[in-house]
Amino acid sequence: MNVALIIAGGSGHRMGQDIPKQFINVYDKPVLIYTLEGFQKHPLIDAIELVCIDGWHDVVWAYAKQFGIDKLKWIVPGGNSGQESIRNGVYGLEDKCAEDDIVIIHDGIRPLVDASVLSDVIETCRKYGNGVTSMPYNEQIFVKDDEISTVKYIPRETLRRVQTPQAYKFGKLDWAYHKAFAEGIGIKGSSYTNTMMVELGERLYFAAGSDKNIKLTTKDDLEMFKAYLKMDRDNWLK
Ligand SMILES: C[C@](O)(CO)[C@H](O)COP(=O)(O)O
C-alpha cells in the first residue's frame, strides 16, 4: 500500500494573511485541495492521511466531499513544529500501515506536484528503501562569514536541493521518529524528515524533482502559483 502523508499543520504567518496559507482560495479552490488532487488522481496512491491545524478538520472533510477527494481517509492534529506534525502523522499510521508500505510525505503548500514526480519517488523508494525529490543548483552558494560578507563558497556540482514529496518505508519511518523524539536527534529548528534521517545515520536516495513544485511561502510564491495555473489553463484551451 502507498499512503500519502500531507502536512498542513502550520499557521503560515509569513504569507501575511488572516487564514492559514493552505486554505487561501485561488480561483475558487483552496491551495490544499490542489495539493490533494495531485495525490487523488495518481493511480499508485491508495490512501491519504492529512495532518491539519486544529479548528479546520470539519472544513477539510467538507472540501474533500465537494472536490471528490475520496482517498482522504484520516485527519490527525498538527504539532507545535513541523517535525511534531510529521511525527503525529507517522504515529497515526501505526495501526494502518505494514512495515513495507510506502509513506509519501508532502507539504500541503506545494500544490503543483506532477504525476511523473510522484511516480519516480515511489519507484526510487521501492528500489532503495527511500526516495527524496531533488534538483541541482544553478546558482553559486556562498557560506556567510558574518552578516555582511563571505570568503567561502560550496561548489554547486556537489549540492542537491531537496523538496517534497519524499517516500519512506513505514517500518523505518516509524522507528526513526520514535528514536529521534526519544533522543532529541534531528527534530529542532528547520529539521525535516530528510535531515533527521541523515542525522540518524541513514543514506537518502535522490528522485526526480521539479522546478514547478514550488512551496508557497510568500505572497510572490502565490502569484507564481497563479501564473502556473493560468499557463496550464491556456495550454489546455489551445
Ligand atoms: C523539503 C523541505 O525543504 C525540507 O527539506 C521542506 O519543504 C521544508 O518545509 P518547511 O515547512 O519549510 O520546514
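We count ligands from 1, going down the list as the structure has it; atoms in each ligand are counted the same way.
When the ring pair (Phe, Tyr, Trp, His ring centres under 6.0 Å) test is applied to H178, the partners found at least two apart in sequence or on another chain are Y91.
Inter-residue side-chain proximity for I104 and L118 is flagged as met; some heavy-atom pair is nearer than 4.5 Å.
Remark: ligand 1 atoms within the under-4.0 Å shell around heavy atoms of Q163 are 1 (C). Near Y192, with a cut-off below 4.0 Å to any heavy atom, the atoms of ligand 1 are 4 (C), 6 (C), 8 (C), 9 (O). Applying the 4.0 Å criterion to heavy atoms of K215 picks out, from ligand 1, the atoms 7 (O), 8 (C), 9 (O), 10 (P), 12 (O). Close approach of ligand 1 to Q166 is summarised as follows: ligand atoms under 4.0 Å from at least one heavy atom of the residue are 1 (C).
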Under 3.5 Å, which donor-acceptor pairs do the side chains of residues 53-60 form with other protein atoms, sequence neighbours left out?
unit_1: H57; atom_1: NE2; unit_2: C52; atom_2: O; d: 2.9

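Ring orientation note: the planes of Y63 and F23 are close to parallel, at an angle under 30° on the 30°/60° scale.
Nearest residue to atom 7 (O) of ligand 1 from I86, D107, I105 is D107 (criterion: closest heavy atom).
Taking every heavy atom of both residues into account, I7 and I105 meet most closely at CG1-CG2, 4.1 Å.
Counting heavy atoms under 4.0 Å from ligand 1, residue N194 touches it through the side chain alone.
Both tests do not hold together for R160 against Y137: distance to the six-membered ring centre under 6.0 Å, angle to the ring axis within 45°.
Contact analysis puts R110 in contact with ligand 1, with a non-hydrogen atom separation below 4.0 angstrom.
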